[in-house]
Protein chains: 2
Amino acid sequence: MKIGELASRAGVGTKTIRYYEEIGLIPEPERTPNGYRDYDEFAVERLRFIRDAQATGLSLTEIASILDLRGHGEGTCFHVIDLLERHIDDLDRHLETLHKTRDQLVTLTERAKGLDPEDCTDPNRCQTITPGINVGVSAGMKTDHLHVAGHPSRF
Amino acid sequence: MKIGELASRAGVGTKTIRYYEEIGLIPEPERTPNGYRDYDEFAVERLRFIRDAQATGLSLTEIASILDLRGHGEGTCFHVIDLLERHIDDLDRHLETLHKTRDQLVTLTERAKGLDPEDCTDPNRCQTITPGINVGVSAGMKTDHLHVAGHPSRF
DNA sequence: CTTGACATTACAGCCAGATGGAAGGTGTAC
DNA sequence: GTACACCTTCCATCTGGCTGTAATGTCAAG
């Protein structure tokens, strides 16, 4: 399949695919006689995996090291297993914060809805975030080593 | 409290705080006679909220619009409530993907551990991602409008 | 009265992760 | 045979969110 089809099936742009190839995240595909990239089914899988892994906070570089486990000897294997285990750990903590903050956002929304719309023009009443809203959340949450993909990356 | 104390209490850098002020995410604080920024307790709350909201995938601009609900009239209120509701929705879907992908990463790790280390040098065996690993995951997951903060933002 | 940690501003630079555009080749449908 | 979508490479640019640097000011402790 050509790059355009792969792109639409995997839900990314063609630019992105070429970029991934350039940084070694996906292997160079076969080429048709006219020079067009020619992908197989597996490529769709791989791109989807990349998207999901990215969503968990793995960087493209980390994903590359996971995808490229073969042919690098024990050391790399252990390194990657370690990376994965630490990441899963961080991810679990992140999920916890996420759940808590989600609930906080719900509270915030309820509150915003509960306000009399007329009060919205009153600078003293329609302030959605107030002291106390965060009580019990974010205390001691250390999720620092975990990070998420760059800006235009949508979940 | 001075910027340094606020920074360490909220778990961010002083640069970050000044940057937030610059983009209007936090209000300009009082100044001491010598020109130093002077913050109150509420500022710590606010910064923590920002961190958590950011972790759920809200951009700083979106957070700003939530934080700045007052004094903008009904329209803005409804707009923000809408933003929040859609975001919570997206977040729920994202959490689902995240949980699934987490499990997938666990599987991947188990698999990597199960491989005989000697095979790691064999390009044909130690390929951690293979067709099939993603089966049942990422199908139809559309979390597109949700996005996460820029690159150095750690969870 | 100097050292050292802190603060100030202004502005440049960095990073991941794309994204855009120019200039040109390909291929199929009408 | 020409429109039109789609492909190619190369290179520049954008975005979000910081982060660093320089040049300078403030202030408490020893």
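The sequence lines fix the lettering, A, B, ..., with proteins before strands; numbering per chain opens at 1.
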Exercise for review: Give the rounded distance in Å between these two atoms: CD of E62(B) and C1' of dT15(D).
Suggested key: 14 Å
Check your understanding: Does L25(A) offer a backbone N or O that forms a donor-acceptor pair with the side chain of R46(A) under 3.5 Å?
Key -> yes
Point to revise | Residues which pass side-chain hydrogen bond (donor to acceptor under 3.5 Å, both in side chains) with E5(A), listed by chain and number, not counting sequence neighbours | key: none
Practice item. Please state whether the phosphate of dT8(C), meaning OP1 or OP2, lies under 4.0 angstrom from any side-chain nitrogen or oxygen of R37(B). Key: yes
Check your understanding: Taking only residues two or more places apart in sequence, or in another chain, which ones meet D103(B) in a salt bridge (charged side-chain N to carboxylate O under 4.0 Å, His left out)?
Key -> none
Practice item. Measure from OH on Y19(A) to P on dT13(D) and round the result to the nearest Å. Key: 18 Å
Point to revise | Rounded interatomic separation in angstrom, taking CD from E22(A) and P from dT9(D) | key: 10 Å
Exercise for review: Round to the nearest Å and state the distance from E21(A) atom CD to dC7(D) atom P.
Suggested key: 14 Å
Exercise for review: Measure from CD1 on I23(B) to C1' on dG17(D) and round the result to the nearest Å.
Suggested key: 8 Å
If you restrict it to nitrogen or oxygen atoms, what contacts under 3.5 Å exist between nucleotides 21-25 of chain C and the protein, and what is each distance?
residue : atom : partner : partner atom : Å
dG21(C) : O6   : K15(A)  : NZ           : 2.1
dG25(C) : N2   : Y36(A)  : OH           : 2.6

Check your understanding: Considering residues at least two apart in sequence or located in another chain, which fulfil the side-chain hydrogen bond (donor to acceptor under 3.5 Å, both in side chains) criterion with E85(B)?
Key -> K113(A)
Review point. What's the CG-P distance between L60(A) and dG17(C), to the nearest Å?
Key: 4 Å
Practice item. Drop me the distance from I66(B)'s CD1 to H79(B)'s NE2, to the nearest 0.5 angstrom. Key: 9.5 Å
Point to revise | Check: H87(A) ring centre within less than 6.0 Å of H94(A) ring centre | key: no
Review point. Given that T16(A) and N34(B) both sit by DNA chain C, which one's nearest nucleotide is further toward the 5' end?
Key: N34(B)
I'd like a table of atom pairs between the protein and nucleotides 3-5 of chain D - only N or O on both sides, under 3.5 Å - with the distance next to each one.
none

Study note, to complete from the structure: Residue pairs meeting side chain to side chain donor-acceptor pair (under 3.5 Å), one or both in residues 14-29 of chain A, sequence neighbours left out, come to E21(A)-R37(A)
Study note, to complete from the structure: Residues in residues 1-9 of chain A with a heavy atom under 4.0 Å of DNA chain C, by number, are none
Review point. With sequence neighbours excluded, what pairs up with D89(B) under the side chain to side chain contact (heavy atoms under 4.5 Å, CB included) test?
Key: R93(B)
Check your understanding: For the side chain of R48(B) and the backbone of R9(B), is there at least one donor-acceptor N/O pair under 3.5 Å apart?
Key -> yes
Review point. Between D38(B) and R31(B), is there a salt bridge with N-O shorter than 4.0 Å?
Key: no
Review point. Between dC6(C) atom P and R18(B) atom CZ, what is the distance in whole Å?
Key: 13 Å
Review point. Would you find a donor on one side and an acceptor on the other, under 3.5 Å apart, between the side chain of T101(B) and the backbone of Q104(B)?
Key: no
Revision key, fill the gap. Between CD1 of I50(A) and P of dG17(C) the distance, given in whole Å, is 11 Å
Study note, to complete from the structure: Contacts of D82(A) meeting salt bridge (charged side-chain N to carboxylate O under 4.0 Å, His left out) (sequence neighbours excluded), chain-then-number -> R86(A)
Practice item. Carefully, step by step, assess L95(A) and H99(B) under the rule side chain to side chain contact (heavy atoms under 4.5 Å, CB included). Key: CA-CA 8 Å; L95(A) 280 167; H99(B) 279 295; 3.7 Å; yes
Can you check nucleotides 1-5 of chain C for protein contacts, nitrogen or oxygen pairs under 3.5 Å, and list what you find?
none

Practice item. Check whether I63(A) and V44(A) end up in the same hydrophobic cluster, where Ile, Leu, Val, Met, Phe, Trp and Tyr are linked by side-chain heavy atoms less than 4.5 Å apart. Key: yes
Check your understanding: So, is R31(A) close to the dT9(D) phosphate, meaning a side-chain N or O under 4.0 Å from OP1 or OP2?
Key -> yes
